[in-house]
Amino acid sequence: MATVSVQPQLGLELGSKLPEDKKSPSTGTGRDVRLLIRKNEYTSGTAGLAPTYLQANLLILPSCYADDFRLLCARNPVPCPLIAESSSPGDYSSFLSKVPDLSGSRMLGDIDICRDVPRYNVYRNSRLAEPGLLDVTDEWADDHVAFLIGCSYSFESALQAAGLPPRHQVQGRHVPVYRTSIPLAAAGIFSAGSYVVSMRPYKKADIPRVREITRAYNATHGEPIAWGWDALERLGIRDIDSVDWCDPPLTTDGRPLGQVWGSDDDVPVFWGCGVTPQEAVMNADIQGTAISHMPGHMLVLDARDDDITGLKP
């Protein structure tokens with residue numbers, strides 16, 4: 001395995017593996033997963049949990065920045081697909097859905113946004129202050145607004161069902177995540193920052209099918225934004241083995257992916273990633289406390305695949 005330096009910005013040590021949990025809710029409903037997390041009986045990554053249930057990235061901001069963040073999402077819908085937000089400032093237990101024909105209560109019921117994510121990051125004045133917290137109840141303020149951003153973990157069960165399982169799931173790792181050189185369209189205080197992407201390698205021959213499957217998931221990043229070994233240069237990624245967050249990619253036999261550079265059997269495929277809002281926060285002058293999920297540790301919803309794709313199982 002390649003040796004990769006630690007990027008502490010978002011609170012997840014590269015290549016790290018969290019301790020095994022008492023219970024691993026690989027089956028069951030979104031609510032089942034949330035209740036285990038709420039009791040701190042599950043505190044690890046959420047890839048592959050509760051198949052066919054959607055997952056979401058989380059960003060909590062002071063209400064004075066809410067309009068700017070909504071505009072950021074509207075101008076950058078691929079990396080920042082906004083699917084829900086707090087029903088009102090200070091409300092951590094009910095949400096307004098932004099997905100047509102899907103109510104907030106059907107998307108997410110029985111929710112405590114301060115305790116139902118496995119691990120949180122806390123930012124103070126745009127700087128990461130407390131990574132990996134299990135509970136942010138004491139950090140929540142009456143003027144906070146929670147935003148839910150679609151997550152690409154949501155389409156992974158469809159890829160699995162099609163015989164195209166994401167490699168990080170098979171290997172029990174976190175999905176590789178990279179910062180790119182693609183600038184975000186600015187919105188108010190969010191005047192800087194760039195796209196963040198996740199990557200899953202596939203055989204060249206399988207990429208058309210992968211694109212077709214994920215295209216229906218526009219609310220959770222949709223189809224890839226780039227693929228191929230030459231995509232690294234277009235995205236401004238210097239080294240496929242040097243991720244910015246989570247785990248570096250491996251071949252099926254456990255070698256660093258860069259050792260098979262150019263192979264048609266291990267082609268990098270990149271999607272927009274919901275870590276992008278955290279990147280935007282770190283590049284903005286946000287005063288006060290902001291809260292997010294820790295990368296790879298998502299909120300599991302009650303909504304299902306077909307609630308956003310229209311494709312019935």
Side-chain angles (χ1 to χ4, degrees), residues 21 23-60 73 80-88 90-120 134-137 140 144-161 166 169 175 213-214 216-222 274 277 291-313:
D21 285 290
K23 299 181 181 180
S24 181
S26 57
T27 60
T29 68
R31 181 175 181 272
D32 293 335
V33 174
R34 293 197 305 276
L35 292 180
L36 284 177
I37 292 169
R38 195 178 300 172
K39 294 183 289 185
N40 290 339
E41 292 182 1
Y42 187 82
T43 61
S44 295
T46 56
L49 299 190
T52 75
Y53 285 85
L54 301 182
Q55 298 194 27
N57 302 274
L58 172 67
L59 185 66
I60 299 170
C73 293
C80 305
L82 180 60
I83 61 173
E85 65 176 80
S86 296
S87 296
S88 60
D91 190 342
Y92 55 82
S93 60
S94 67
F95 283 79
L96 296 173
S97 172
K98 302 295 183 179
V99 178
D101 302 319
L102 179 62
S103 68
S105 60
R106 193 155 63 94
M107 176 183 286
L108 187 60
D110 190 4
I111 172 68
D112 181 342
I113 202 62
C114 298
R115 297 191 294 155
D116 288 359
V117 169
R119 290 181 183 267
Y120 300 83
L134 300 177
D135 185 324
V136 290
T137 302
W140 182 267
H144 268 144
V145 178
F147 295 95
L148 304 184
I149 307 297
C151 174
S152 60
Y153 282 179
S154 299
F155 55 59
E156 290 187 341
S157 58
L159 291 170
Q160 181 91 29
Q169 274 198 34
V175 67
I213 290 169
T214 59
Y217 290 79
N218 282 337
T220 60
H221 303 298
I291 305 168
S292 74
H293 69 290
M294 190 165 78
H297 300 69
M298 308 299 174
L299 178 67
V300 185
L301 309 182
D302 297 326
R304 308 290 291 271
D305 286 3
D306 57 285
D307 287 321
I308 63 167
T309 65
L311 304 174
K312 299 298 180 182

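Predicted model only: the values in this text are computed from it and were never measured.
- Looking only at distances, no side-chain donor or acceptor of T309 sits under 3.5 Å from a matching main-chain atom of A216.
- When each of L82, I83, L58 is tested with I149 by the rule side chain to side chain contact (heavy atoms under 4.5 Å, CB included), just one qualifies, namely L82.
- A donor-acceptor distance shorter than 3.5 angstrom exists from the side chain of S154 to the backbone of Q55, with no hydrogens or angles considered.
- Between L49 atom CG and Y153 atom OH the span is 9.5 Å, to the nearest 0.5 Å.
- A distance of 15.0 Å separates OH in Y42 from CG in L35, rounded to the nearest 0.5 Å.
- Closest of all the heavy-atom pairs between L96 and S86 is CD1-O, 4.2 Å.
- From S292, atom OG reaches atom NE2 of H297 across 11.5 Å, with rounding to the nearest 0.5 Å.
- Judged by distance alone, with hydrogens and angles left aside, the side-chain atoms of S103 form a donor-acceptor pair with the main-chain N or O of R106 at under 3.5 Å.
- Shortest non-hydrogen contact noted between A50 and V300 is CB-CG1, 4.1 Å.
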key: Verdict with reasoning, H293 to T46, per side-chain contact (heavy atoms from CB on, under 4.5 Å)   = CA-CA 11 Å; H293 69 290; T46 56; over 6 Å; no

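- Between G30 and D302, the shortest heavy-atom contact is C-OD1, 4.2 Å.
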task = Mind running side-chain contact (heavy atoms from CB on, under 4.5 Å) on T137 and Y92 for me, showing each step along the way?
result = CA-CA 10 Å; T137 302; Y92 55 82; over 6 Å; no

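- Side-chain atoms of R119 never come within 3.5 Å of backbone atoms of G296 as a donor-acceptor pair (strictly under, hydrogens ignored).
- When atom types are taken as modelled, the side chain of N57 and the backbone of L148 share no donor-acceptor pair closer than 3.5 angstrom.
- Note: T220 OG1 to F155 CZ = 6.0 Å, rounded to the nearest 0.5 Å.
- Taking each heavy atom of L299 and I111 in turn, the nearest pair found is CD1-CD1, 3.8 Å.
- Salt bridge R38/D112: absent, no basic N to carboxylate O contact under 4.0 Å.
- Around the OH atom of Y53, the shell of radius 6.0 Å holds more than 12 heavy atoms that belong to other residues, nucleotides or ligands.
- Judged by distance alone, with hydrogens and angles left aside, the side-chain atoms of S87 form a donor-acceptor pair with the main-chain N or O of S94 at under 3.5 Å.
- For the pair T52 (side chain) and D305 (backbone), a donor-acceptor distance under 3.5 Å is absent.
- Judged by distance alone, the side chain of Y120 and the main-chain N or O of R115 form a donor-acceptor pair under 3.5 Å.
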From CA spacing to verdict: side-chain contact (heavy atoms from CB on, under 4.5 Å), T43, I37 = CA-CA 6 Å; T43 61; I37 292 169; over 6 Å; no

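- Side chain of R31 to backbone of G109: no donor-acceptor contact under 3.5 angstrom is found.
- Nearest heavy atoms, A56 versus M298: O-CB, 3.5 Å.
- Nearest approach of A84 to M107, heavy atoms of both residues: CB-SD, 3.6 Å.
- With values rounded to the nearest 0.5 angstrom, H144 atom NE2 is found 9.5 Å from L59 atom CG.
- Taken to the nearest 0.5 Å, the CG atom of L301 stands 5.5 Å off from the CG atom of L54.
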